[in-house]
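Both counts, for ligands and for their atoms, begin at 1 and track the order of listing. The chain is numbered in sequence order, starting from 1.
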Amino acid sequence: MDHSQLYVGGRWIPSSGTELIDVVNPYTEQVIAQVPGGSAADVDAAVAAAREALPSWSQTPVGERAAYLSAIAEILGQRTDALAEVVTAEMGCPLKIAKLVQIGTPIGTLKTYAKLAESYQWESEVGNSLIVREPIGVVGAITPWNYPLHQVVAKVAPALLAGCTVVLKPSEVAPLIAYEFAAILDEVGLPAGVFNLVSGTGEVVGEAIAAHPGIDMVSFTGSGRAGKRISQLAAENIKRVALELGGKSASVVLADLDDEAFAKAVRSTVAQCFTNAGQRCTAFSRLLVPAQRYDEALTAAAAAAESTSAGNPMIDGTRLGPLVSDGQRDRVRGFIARAQDNGARVVTGGVDAPEAEPTGYFVRPTVLADVAEDSEIARNEVFGPVIAVFPYDDVDDAVRIANDTDYGLAAGVYGADKDAALAVARRLRAGQVDVNNGRWNFLAPFGGYKQSGNGRELGVAGLEEFLETKAVQL
Ligand code: NAD
């Protein structure tokens, strides 16, 4: 499709900016498209359109708003294969996973919100007060590249259902699927101005959104660095800010598992960590195992890493694609090199390029042992296929290590005794904890403790982020 314009006020219009941003396929290393580097004036136009659309959209019956979400989900479902190819081409996620997760998750989110509209209590009574939930207004949504449609839909679906209008700035690294999404919103006949797309860089378009007095709330997913800057700019007019940031999540494998279940828990942790080439904010990048089973864990982790077939992400069977960019690849290799300098042992993987692939920003699936708890690799988000394995003495020690981080996004617990595993889960300071590989739940709130962010996405909590609360005393 054409990516040369912006979607503002229900029309494709040229950007007032002159810059073009290259979109690079991380497997072929070729430029596959260019999008406009939007300007602050483009943001002004998009905000004006969103403000104009707000009174009517916020008064549209919720059932009608939900019907738009269902219609969008329907089209995403029909075009899953083609849309997954767009995501794979722009950010390297293996096609099979792209279909399931990159497109499948947004479909589930849209359908879940469409259904939630029926049961959500928009009004309630407390004593002599009528409590009314109303849309907060115009939402600025700023999203990253690693799940480029999911992160858009996790904001846009609840915002639209709430009655808000939206100005979206997708990641400039992987903006193409957001263009497809805008075209679908246009196709389902969403009223003009309800959704607006302004592509561009974080420094120009992102900051203009964060600072804009016409925007009532910013919902951001991305790095802590950008999250802090957005919060500072948004403070000028006391905008609400929701932040979904990074993580350094731990998977705690408990001692009561038999050999087979123990190896399975390690494999499951490694697979979770390496999904999307480790470019996931919830990656279990720290594997915590009983000290007496450390070698057993390293052997199982290395086997799992070595069986993670890397290659062309368009080919069926590939489980590990390239990283999103050469910069990201170099960053991750730098983490591995400095970990080695600090005494970590590479059990498998390492800084060398994989031999088989002539092109692509690959990092070998890497397992690190003997990692100092206070070292850079133990404390910083790597965002690549790198897992560090730590020994613990007893359950208290495991909980201590797991919680010894500035982040608090996710965690895993594996154990034979489910109650004991749940007891550990209760002690972890993280927003979502999976016990024994617990299944994804579209109704569950998603978000972080500590420096992993503020607020929640998905489910009722994700909808309420976009609502104001009014108490009317009668
Ligand atoms: P990033 O922060 O560099 O960029 C994210 C978005 O913010 C992009 O659209 C970017 O253009 C914009 N941006 C950058 N600087 C900005 C600024 N000064 N003002 C306004 N906007 C700005 O992050 P990234 O590299 O795209 O994504 C990786 C990061 O995202 C990782 O840290 C990862 O953990 C995090 N992440 C978090 C979640 C979550 O839900 N918690 C999900 C995915 C990714």
Side-chain angles (χ1 to χ4, degrees), residues 21 23 26 35 37-38 40 43 90-91 93 101-102 105 109 140-155 167-175 177-178 197-212 215 218-236 239 241-249 273 275-285 323-325 327-329 331-332 335 380-384 405-410 430-432 444-458 462 465:
I21 299 173
V23 181
V35 296
V43 174
E90 68 178 340
M91 56 72 64
C93 177
V101 182
Q102 301 276 10
T105 304
T109 301
I142 303 175
T143 53
W145 45 260
N146 56 330
Y147 289 96
L149 183 61
H150 161 64
Q151 285 140 348
V152 166
V153 169
K155 300 179 188 320
V167 176
L168 168 69
K169 190 206 89 67
S171 166
E172 64 273 40
V173 179
I177 194 68
L197 167 78
V198 182
S199 61
T201 63
E203 286 66 28
V204 178
V205 176
E207 297 205 7
I209 287 174
H212 206 291
I215 289 185
V218 177
S219 178
F220 171 74
T221 299
S223 63
R225 174 197 56 77
K228 280 178 206 164
R229 177 76 181 134
I230 287 166
S231 301
Q232 284 162 351
L233 293 167
E236 274 308 308
K239 279 186 192 66
V241 179
L243 301 174
E244 298 290 349
L245 308 177
K248 192 70 198 176
S249 300
C273 180
T275 302
N276 215 24
Q279 301 166 122
R280 60 184 298 182
C281 47
T282 53
F284 293 164
S285 53
L323 272 66
V324 74
S325 63
Q328 186 69 10
R329 174 200 57 198
R331 188 173 164 273
V332 173
F335 271 115
N380 287 271
E381 182 176 54
V382 174
F383 235 53
T405 165
D406 293 335
Y407 294 109
L409 188 57
Q432 37 274 302
F446 177 96
Y449 287 30
K450 300 191 271 183
Q451 292 190 29
S452 289
N454 285 317
R456 291 293 179 270
E457 294 200 312
L458 307 180
E465 292 286 328

What side-chain donor-acceptor pairs closer than 3.5 Å can you find for residues 199-208, not counting sequence neighbours?
{"from": "S199", "atom 1": "OG", "to": "P36", "atom 2": "O", "distance (Å)": "2.7"}
{"from": "S199", "atom 1": "OG", "to": "Y179", "atom 2": "OH", "distance (Å)": "3.1"}
{"from": "T201", "atom 1": "OG1", "to": "V204", "atom 2": "N", "distance (Å)": "3.2"}
{"from": "E207", "atom 1": "OE1", "to": "R229", "atom 2": "NE", "distance (Å)": "3.3"}
{"from": "E207", "atom 1": "OE1", "to": "R229", "atom 2": "NH2", "distance (Å)": "3.0"}
{"from": "E207", "atom 1": "OE2", "to": "R229", "atom 2": "NE", "distance (Å)": "3.2"}

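Judged by distance alone, with hydrogens and angles left aside, the side-chain atoms of R331 form a donor-acceptor pair with the main-chain N or O of V382 at under 3.5 Å.
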Take Q102 and Y147 through the side chain to side chain contact (heavy atoms under 4.5 Å, CB included) test and state the conclusion after the steps. CA-CA 6 Å; Q102 301 276 10; Y147 289 96; 3.4 Å; yes
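Q279 places a side-chain heavy atom less than 4.5 Å from the side chain of L323.
Near ligand 1, residues I142, T143, P144, W145, N146, Q151, K169, P170, S171, E172, G202, E203, G206, E207, F220, T221, G222, S223, R225, A226, R229, I230, E244, L245, G246, C281, E381, F383, L409, F446 each place a heavy atom inside the 4.0 Å sphere around the ligand atoms.
A salt bridge links K155 with E457: the distance from a Lys NZ or Arg NE/NH1/NH2 to an Asp or Glu carboxylate oxygen falls below 4.0 Å. A salt bridge links E172 with K169: the distance from a Lys NZ or Arg NE/NH1/NH2 to an Asp or Glu carboxylate oxygen falls below 4.0 Å.
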